[in-house]
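Notes follow once the structure below has been shown.
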Amino acid sequence: MTDWLYRYPSLYSGILLKRYKRFFADVQLVSGEVVTAHCPNTGPMTGVSTVGSPVQLSQSNNPNRKLAYTLELIQVQDQEPTWVGVNTALPNRIVKIALEKYLFPQLSGYTQVKGEVVYGKEKKSRIDFYLTGSDEQRPIYVEVKNTTWTQGNLALFPDTETTRGQKHLRELMDVLPQSRAVMLYFINRGDCSEFAPGDSTDPVYGQLLREAIQKGLEVLPCRFDISPEGIRYLGLAELKI
């Protein structure tokens with residue numbers, strides 16, 4: 001198993017009482033105290049945000065924050081107890097570290113990693129990562145999508161209709177074949193060995209993904225082991241298209 005890509009700060013254990021208004025989660029700590037934590041995941045968190053689930057919170061020492069705690073992990077009880085990362089601010093940070101370590105053999109030859117580069121026909125979108133190498137090599141556009149929804153050992157994205165995600169696929173198709181285009185699915189739990197588009201929630205996204213693959217889009221469904229200690233890279237899940 002690879003080394004830690006990310007180590008969590010000291011976390012606080014608790015039980016999820018409820019999640020509401022997308023950004024809030026009430027949690028009962030081990031001490032019995034009930035706190036309201038910031039939920040840094042605006043999606044539905046399908047199959048993850050179950051009341052009564054064990055959770056892990058981080059605490060900020062910033063006195064200006066309205067909510068001192070942040071919801072970091074939820075433990076799901078699917079095939080076996082599994083920690084799921086729910087802080088959507090982390091995947092891009094971790095992928096950047098992995099790119100700087102040249103951890104993905106499927107992406108090779110680049111010498112520079114830039115984040116949040118403007119692209120698209122209207123120049124109104126930002127790609128998560130733009131990789132460049134020698135003049136002879138095509139640049140690589142990399143979009144990262146956090147993935148937590150599963151059916152058994154099959155990870156699925158998206159867990160709701162995403163017009164923004166559809167737009168990203170169309171824009172990635174536009175850069176082909178002059179550049180390489182990569183959709184990197186950050187599977188934020190270690191219990192999945194396969195990946196597929198979430199056709200039942202967004203059939204348009206699934207259709208666009210298959211069209212993009214035919215045009216040359218590369219898909220990297222990246223598996224990560226998540227625990228209260230930290231995050232490790234496990235390799236790729238099998239793509240089921």
Arg189: what forms a salt bridge (charged side-chain N to carboxylate O under 4.0 Å, His left out) with it, not counting sequence neighbours?
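Result, salt bridge (charged side-chain N to carboxylate O under 4.0 Å, His left out) vs Arg189: Asp78, Asp191.
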Once salt bridge (charged side-chain N to carboxylate O under 4.0 Å, His left out) is applied, do any residues pair with Glu238, and if so which ones, sequence neighbours excluded?
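Applying salt bridge (charged side-chain N to carboxylate O under 4.0 Å, His left out) to Glu238 gives Lys240.
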According to side-chain hydrogen bond (donor to acceptor under 3.5 Å, both in side chains), who are the partners of [X], at least two apart in sequence or on a separate chain?
| X | result |
| --- | --- |
| Asn188 | Asn146 |
| Thr201 | none |
| Gln207 | none |
| Glu194 | none |

Where [X] and [Y] come nearest, the two heavy atoms and their spacing:
| X | Y | value |
| --- | --- | --- |
| Val175 | Tyr141 | CG2-CD1, 3.9 Å |
| Leu156 | Pro197 | CD2-O, 3.7 Å |
| Ser200 | Trp149 | OG-CH2, 3.6 Å |
| Leu16 | Ala25 | CD1-CB, 4.0 Å |
| Asn64 | Asn62 | N-OD1, 2.9 Å |

Is the ring centre of Tyr130 less than 6.0 Å from the ring centre of Tyr119?
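No, the ring of Tyr130 stays outside the 6.0 Å limit from the ring of Tyr119, centre to centre.
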Check whether the ring centres of Tyr6 and Tyr8 lie less than 6.0 Å apart, and answer yes or no.
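Yes, the ring centres sit under 6.0 Å apart.
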Residues clustered with Val118, ILVMFWY side-chain links under 4.5 angstrom
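Noted: Val118 shares its cluster with no other residue.
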Not counting sequence neighbours, which residues clear side chain to side chain contact (heavy atoms under 4.5 Å, CB included) with Asp174? List them please.
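Asp174 satisfies side chain to side chain contact (heavy atoms under 4.5 Å, CB included) with Lys121 only.
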Keeping to residues at least two apart or across chains, list the salt bridge (charged side-chain N to carboxylate O under 4.0 Å, His left out) pairs with something in residues 195-218.
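Sorted pair list: Arg180-Glu218, Asp199-Arg210, Glu211-Lys215.
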Qualifying salt bridge (charged side-chain N to carboxylate O under 4.0 Å, His left out) pairs with a residue from residues 130-150, counting only residues at least two apart or across chains
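Sorted pair list: Glu143-Lys145.
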Tell me if a side-chain donor or acceptor on Thr82 pairs with a main-chain N or O of Glu80 at a distance below 3.5 Å.
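Here the side-chain-to-backbone pair exists.
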Flag, side chain of Arg19 to backbone of Arg22, donor-acceptor distance under 3.5 Å:
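Judged by distance alone, yes, a pair lies under 3.5 Å.
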Does Lys21 make a cation-pi contact with Phe23, if we ask for NZ or CZ under 6.0 Å from the ring centre and within 45° of the axis?
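Verdict for Phe23: no cation-pi partner in Lys21.
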Just distance, no hydrogens or angles: give the donor-acceptor pairs under 3.5 Å from side chains in residues 35-54, sequence neighbours left out.
| residue | atom | partner | partner atom | Å |
| --- | --- | --- | --- | --- |
| Thr36 | OG1 | Asp26 | OD1 | 2.8 |
| Asn41 | OD1 | Gly43 | N | 3.0 |
| Ser53 | OG | Thr50 | O | 2.7 |

Are side-chain N/O atoms of [X] and [Y] paired as donor and acceptor at under 3.5 Å?
| X | Y | answer |
| --- | --- | --- |
| Gln166 | Thr163 | no |
| Arg223 | Thr147 | no |
| Gln59 | Tyr12 | yes |

Considering only distance and modelled atom types, tabulate donor-acceptor pairs under 3.5 Å from the side chains of residues 89-100, sequence neighbours left out.
| residue | atom | partner | partner atom | Å |
| --- | --- | --- | --- | --- |
| Asn92 | ND2 | Asp128 | OD1 | 3.1 |
| Lys96 | NZ | Glu100 | OE2 | 2.5 |

For the hydrophobic clusters of this structure (ILVMFWY residues joined by side-chain heavy atoms under 4.5 Å, transitively), does one cluster hold both Phe157 and Ile213?
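In one cluster: yes.
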